Amino acid sequence: MATIPDYQSLMLPLLRLCADGAITLRAAVQALGDTFQLMPDQMVQKLPSGQAVIYNRTGWAKTELVKAGLIQQPQRGLFEITDRGRALLAEKPERISRAFLMRYPEFKSYIEASQQRAVARDTDAGTGAPDAVTTIEAAKQTPTERIDAAVAEIEAELRDELLDQIFAIANQSQRAAFFETLVVKLLVGMGYGKGIKDAGKRIGQAGDGGVDGVINLDPLGIDRVYVQAKCYDREATVSEGDVRNFSGSLDVKKTNRGVFITTASFSGPARAYVANIQKPIVLIDGDELTRLMVLHNVDVREERQVAIKKLDADFFEG
């Protein structure tokens, strides 16, 4: 009987599937099951988290093909092959693996960024755990270090996927409205306006005075935080002028508290401007946005918990 293939073994067959047209992940899973002649019980075999093994592995294969620019997501829930993907199929490769995908600069940058986030997180936590994708280093790690590194890698991938889902909304106006609602939801989820009914509100629209949302910090709405939400491309940069304009809009609203949230990044002058004014304006870029979403469980859910036990040394020494 055939075994369930690992996710790297699914990459090439998945890319070939996409060559026939846009496809959903669920349809791809079913087609790959047929390709590998998986039995019905294998198709429903589950991880401890409850997710089907084949679905999980197909999802990872899809993600890494997207990062390499071989497939793209034209709209939410669908993905299709790119010109680069077709060019690769024309080469008739025998297999696609993570090592193979390192030939593409975008994928290499994605891996390096994942490593850097994992190292930064572990440094902040004081664990100093090595990253999970360096095979040579992984061989030197203790089991506990490997677990920490794997968790960091999964979280880094989740954070990238959160941005992908935001950008998957093709209609620009719908994407802007969705993002404005999302950032208000995040701030409320972080505890701002806690205990106040309808504490957060999206107000982004024509003539909004340069703000997209507001959070009431007290029941009467006397103390407020205004929000600017800009859903820009990841490579874009929010300028000092953009931040200055937001600062001016706070004057119009007769307040000085503001949060500027974007999927992009802020320029050095923009950050310097905020650091040198008296108004408490907080800048949150795409990387910090997804970190906060994961930390405060906004539009993510806990998939599984793992209990790691160790010897009770006090009992035996006593």
Side-chain angles (χ1 to χ4, degrees), residues 120 159-160 162-296 298-299:
R159 290 167 61 181
D160 276 325
L162 284 169
L163 286 181
D164 286 342
Q165 288 301 313
I166 293 171
F167 291 122
I169 302 174
N171 184 288
Q172 291 293 335
S173 61
Q174 289 181 351
R175 183 189 296 176
F178 173 83
F179 187 63
E180 290 162 2
T181 301
L182 171 65
V183 298
V184 170
K185 181 180 179 181
L186 171 62
L187 293 174
V188 173
M190 291 173 65
Y192 293 97
K194 185 176 182 180
I196 301 173
K197 184 179 180 181
D198 300 324
K201 180 181 179 182
R202 171 185 171 259
I203 56 177
Q205 55 187 348
D208 59 17
V211 297
D212 300 309
V214 60
I215 309 293
N216 292 319
L217 301 180
D218 67 90
L220 297 179
I222 296 173
D223 195 6
R224 293 179 168 184
V225 174
Y226 284 93
V227 183
Q228 177 86 83
K230 292 299 180 186
C231 189
Y232 293 150
D233 290 339
R234 298 187 202 210
E235 296 77 18
T237 302
V238 177
S239 70
E240 178 185 351
D242 293 327
V243 179
R244 281 182 180 274
N245 289 338
F246 176 54
S247 177
S249 71
L250 297 181
D251 294 332
V252 174
K253 297 293 184 182
K254 298 181 180 180
T255 186
N256 64 350
R257 294 183 181 182
V259 182
F260 197 131
I261 304 180
T262 181
T263 49
S265 59
F266 292 94
S267 69
R271 292 190 180 278
Y273 170 75
V274 168
N276 291 311
I277 61 175
Q278 292 186 336
K279 290 179 184 175
I281 295 178
V282 176
L283 305 181
I284 298 178
D285 61 16
D287 192 56
E288 179 66 2
L289 166 66
T290 56
R291 187 189 74 81
L292 291 172
M293 289 179 68
V294 173
L295 178 63
H296 296 281
V298 175
D299 291 338

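The figures that follow rest on heavy atoms only: side chains count, while hydrogens, waters and symmetry mates do not. Predicted model, so just to flag it, every value in this text is computed and none were measured.
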**Request:** List the atom of Arg175, the atom of Cys231, and the distance in Å for their closest heavy-atom pair.
**Result:** CD-SG, 3.4 Å
**Complete:** Taking every heavy atom of Ser249 against every heavy atom of Val211, the minimum-distance pair comes out as OG-CG1, 3.7 Å
**Prompt:** Can you list the steps and then say if Asp287 with Arg234 is a salt bridge (Lys or Arg N to Asp or Glu O under 4.0 Å)?
**Reply:** CA-CA 10 Å; Asp287 192 56; Arg234 298 187 202 210; over 6 Å; no
**Prompt:** Which atom pair, heavy atoms only, marks the closest approach of Ser267 to Glu240?
**Reply:** OG-N, 3.8 Å
**Prompt:** Is any side-chain heavy atom of Val294 closer than 4.5 Å to a side-chain heavy atom of Leu162?
**Reply:** yes
**Prompt:** If every non-hydrogen atom of Phe246 is compared with every non-hydrogen atom of Val227, which pair is closest and at what distance?
**Reply:** CE1-C, 4.1 Å
**Prompt:** So, the side chain of Thr263 versus the backbone of Gly286: is there a donor-acceptor pair under 3.5 Å, distance only?
**Reply:** no
**Item:** Donor-acceptor contact below 3.5 Å, side chain Asn245 vs main chain Asp242
**Value:** no
**Item:** Point-to-point distance, once rounded to the nearest 0.5 Å, from CD1 of Ile215 to CE of Met190
**Value:** 10.5 Å
**Message:** Nearest 0.5 angstrom please: Ile203 CD1 to Lys253 NZ, how far?
**Reply:** 5.0 Å
**Item:** Polar side-chain atom of Asp223 near backbone of Leu217 as donor-acceptor pair, under 3.5 Å
**Value:** no
**Message:** Within the 4.5 Å heavy-atom criterion, are Thr255 and Leu250 side-chain neighbours or not?
**Reply:** yes
**Message:** Using side-chain heavy atoms (C-beta onward) and a distance below 4.5 Å, is Lys201 in contact with Val184?
**Reply:** no
**Asked** Are the side chains of Leu283 and Glu288 in touch, meaning some heavy atoms are under 4.5 Å apart?
**Response** no
**Prompt:** How close do Gly248 and Lys279 get, heavy atom to heavy atom, and via which atoms?
**Reply:** N-NZ, 4.4 Å
**Request:** Find out whether Lys185 and Val188 are in side-chain contact, i.e. whether some heavy atom of one side chain is under 4.5 Å from a heavy atom of the other.
**Result:** no
**Prompt:** Would you say the side chain of Thr290 lies within less than 4.5 Å of the side chain of Asp160, judging by non-hydrogen atoms?
**Reply:** no
**Item:** Reported OH-to-OG1 distance for the pair Tyr232 and Thr237, which is rounded to 0.5 angstrom
**Value:** 11.0 Å
**Item:** NZ-CZ distance between Lys230 and Phe266, expressed to the nearest 0.5 angstrom
**Value:** 11.5 Å
**Nearest heavy atoms of Ala264 and Ala236, plus distance in Å** = CB-O, 3.2 Å
**Message:** For the backbone of Asp285 and the side chain of Ser265, can you confirm whether one donor and one acceptor N or O come within less than 3.5 Å of each other?
**Reply:** no
**Asked** Is Leu289 close to Phe179 at the side-chain level, that is, under 4.5 Å between some pair of heavy atoms?
**Response** yes
**Prompt:** Looking only at atom types and distance, does a side-chain atom of Ser247 sit under 3.5 Å from a main-chain N or O of Val243, one as donor and one as acceptor?
**Reply:** no
**Asked** Can you check whether Val259 reaches Ile284 side chain to side chain, under 4.5 Å on heavy atoms?
**Response** yes
